[in-house]
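First up is the structure itself, then whatever we jot down about it.
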2 protein chains.
Amino acid sequence: MCHANTLIMLESSLYPHVSVDCVVFGFTGERLHILLISRNGTSEDGCYSDMKLPGSVIYENEDLDDAAYRVLHELTGIKNIYLQQFHSFGSPSRTQNPRDKVWLENSIHMKIGRIVTVGYVALIKIGQKLQAFSDRYEAHWCDIDDIGTLAFDHNIVVEKALAYVRLKLIEDPIGLYELLPKRFTEAELRNLHEVIYGEKVDIRNFHKKFSSLPYIVSLEEKQQNVAHRAARYYRFDKIIYNQIYR
Amino acid sequence: MCHANTLIMLESSLYPHVSVDCVVFGFTGERLHILLISRNGTSEDGCYSDMKLPGSVIYENEDLDDAAYRVLHELTGIKNIYLQQFHSFGSPSRTQNPRDKVWLENSIHMKIGRIVTVGYVALIKIGQKLQAFSDRYEAHWCDIDDIGTLAFDHNIVVEKALAYVRLKLIEDPIGLYELLPKRFTEAELRNLHEVIYGEKVDIRNFHKKFSSLPYIVSLEEKQQNVAHRAARYYRFDKIIYNQIYR
DNA sequence: ATGTCTTATTGTAGATTATACACCATCGCA
DNA sequence: TGCGATGGTGTATAATCTACAATAAGACAT
């Protein structure tokens, strides 16, 4: 076999690998959450446990978008959501942390020099059952303000995703409604605006705009068992929305 | 050597290659232009000559941004501009056109299965001397409405770049001023708006906003040798702009 | 010199949208 | 029954957007 293995090693570190990473945002009605995979391993400094974005290398004959949907499904069980590509990350140093290098070699079974990753973002109603496919890949919803230091450059990826969402919602606010459950209160939507844009909005001015939107329809139901006046529920009407804006 | 070459071939088509492509927009005062490289080659159906975006595969240890600057400089001589990443393209079919496959093998000297490319966009004052580095890589400014069918999926890349520019200019119009020469008339800026957004703007309403911008300063000079009343020149004052918006 | 052609330059009125701001209602619970 | 917490609502002012047309300046042809 004459060094065939050595050759393969050389090759696989010479050419960049391409991966996709998914930043999936969810919303509880109060706080913004993000879907992370817990990662356990050992490195020079002993055992560790930390978090990473759901992501993986793409297949040989797979489109980037397809890879993102596949990976998200494989790692979390999530299907039927819109993923949007927002940025690619290719710094040679992004896979140079020793902990990350060891983890990559163990999980991809290959020596890897660098990985260019393509970032995808989704807004999703929180609370879908998350399917855990193995003990190593366990998906969790984490409060965005409490994610600590993630694997690779994933903190940067998350920041960039948030910036993209803010910009993108200017041209089409429909993404916001993906972040809410079927029925929601006005305050929940107001909270969502505040966590995404990072600033308080005026309650009465918000109400004025909210109540003028024809595609927000009011339901009969109200909150129950709350220690204050119960708020009315609303729903987002996609049909009316599409009639107006598509 | 026992099939070592075969192995290399397998490897290089197994792992995706990563390239960058640059969409560089320029503006004459009337029409939007884009920087393209002419490509000559032969394929099954004889000689051909067509155009492609300036782009190339990245080096082993090169950041994506660095690669974009390097490639643009190598192919066109352009330096010192802002390039912004806007989207990545990775469809397996994007490198399957026979003409493109042959061209790739000749220019990269390697059999390549697929290339994931990262798109960069820049707005640049037109008219900088373009440096031609070889007979095969000759850079030209082409009218955006007259670029025909480009190599690979580059027509799609250009479309996406334009959409990105439109969106991006909402949050920061400074990019627009990169597209204009040092001194420009109000009509030139108005034309630029019209070609970028693809619709007529009201002359007087535009003037009202234009003349209220503190960072647009009027010069004494006027147009010369025009067959009508000469228009006044203005310039963009970066210092005033930064004082207000940074 | 005069007229014609082409583009430059400028304002106003009305509609729409954004902002600032405070009080009463309702419900659970002690 | 009263307190604590959140829900729900209007008005006045400022700022911005929209629609719209007549005169000015220079080049050129006669």
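Quick caveat: nothing in here was measured; it's all calculated off a predicted structure. Each chain gets a letter, A, B and so on, in the order its sequence line appears, and its residues count up from 1.
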Going through the distances and angles, do A:Tyr215 and A:Ile174 end up as a side-chain contact (heavy atoms from CB on, under 4.5 Å)? CA-CA 10 Å; A:Tyr215 52 83; A:Ile174 194 171; over 6 Å; no
If you walk 5' to 3' along DNA chain D, what is the first nucleotide with an atom under 4.0 Å of a heavy atom in chain A, and what is the last? D:dG4 to D:dT11
Sort me out a list of protein N/O and nucleotides 11-18 of chain C N/O pairs below 3.5 Å, or just none if empty.
unit_1 : atom_1 : unit_2   : atom_2 : d
C:dT12 : O4     : B:Lys208 : NZ     : 3.1

Report yes if the side chains of A:Ile37 and A:Lys52 come closer than 4.5 Å at any heavy-atom pair, otherwise no. yes
If you compare all heavy atoms of A:Ala161 against all heavy atoms of A:Val121, which two are closest, and at what distance to 0.1 Å? CB-CG2, 4.0 Å
In Å and rounded to the nearest 0.5 Å, what is the NZ to CG distance from B:Lys208 to B:Leu213? 13.0 Å
Pull out every protein N or O sitting under 3.5 Å from an N or O of nucleotides 2-8 of chain C, one pair per line with the distance.
unit_1 : atom_1 : unit_2   : atom_2 : d
C:dA8  : N3     : B:Arg229 : NH1    : 3.2

May I ask you to test the B:Val20-B:Leu72 pair for a side-chain heavy-atom distance under 4.5 Å? no
Apply side-chain contact (heavy atoms from CB on, under 4.5 Å) to B:Tyr177 and B:Leu189, showing your working. CA-CA 9 Å; B:Tyr177 299 103; B:Leu189 184 57; 4.0 Å; yes
List the atom of A:Ser19, the atom of A:Ile115, and the distance in Å for their closest heavy-atom pair. OG-CG2, 3.3 Å
What is the minimum heavy-atom distance between A:Ala122 and A:Ile81, and which atoms define it? CB-CD1, 3.7 Å
With a 6.0 Å cut-off on ring centres, are B:His193 and B:Phe206 close enough? yes
What is the distance, to the nearest angstrom, from the CD atom on A:Glu186 to the P atom on C:dT26? 17 Å
May I have the step-by-step check of side-chain contact (heavy atoms from CB on, under 4.5 Å) for A:Glu194 and A:Asn191, ending in yes or no? CA-CA 5 Å; A:Glu194 290 179 348; A:Asn191 280 339; 3.9 Å; yes
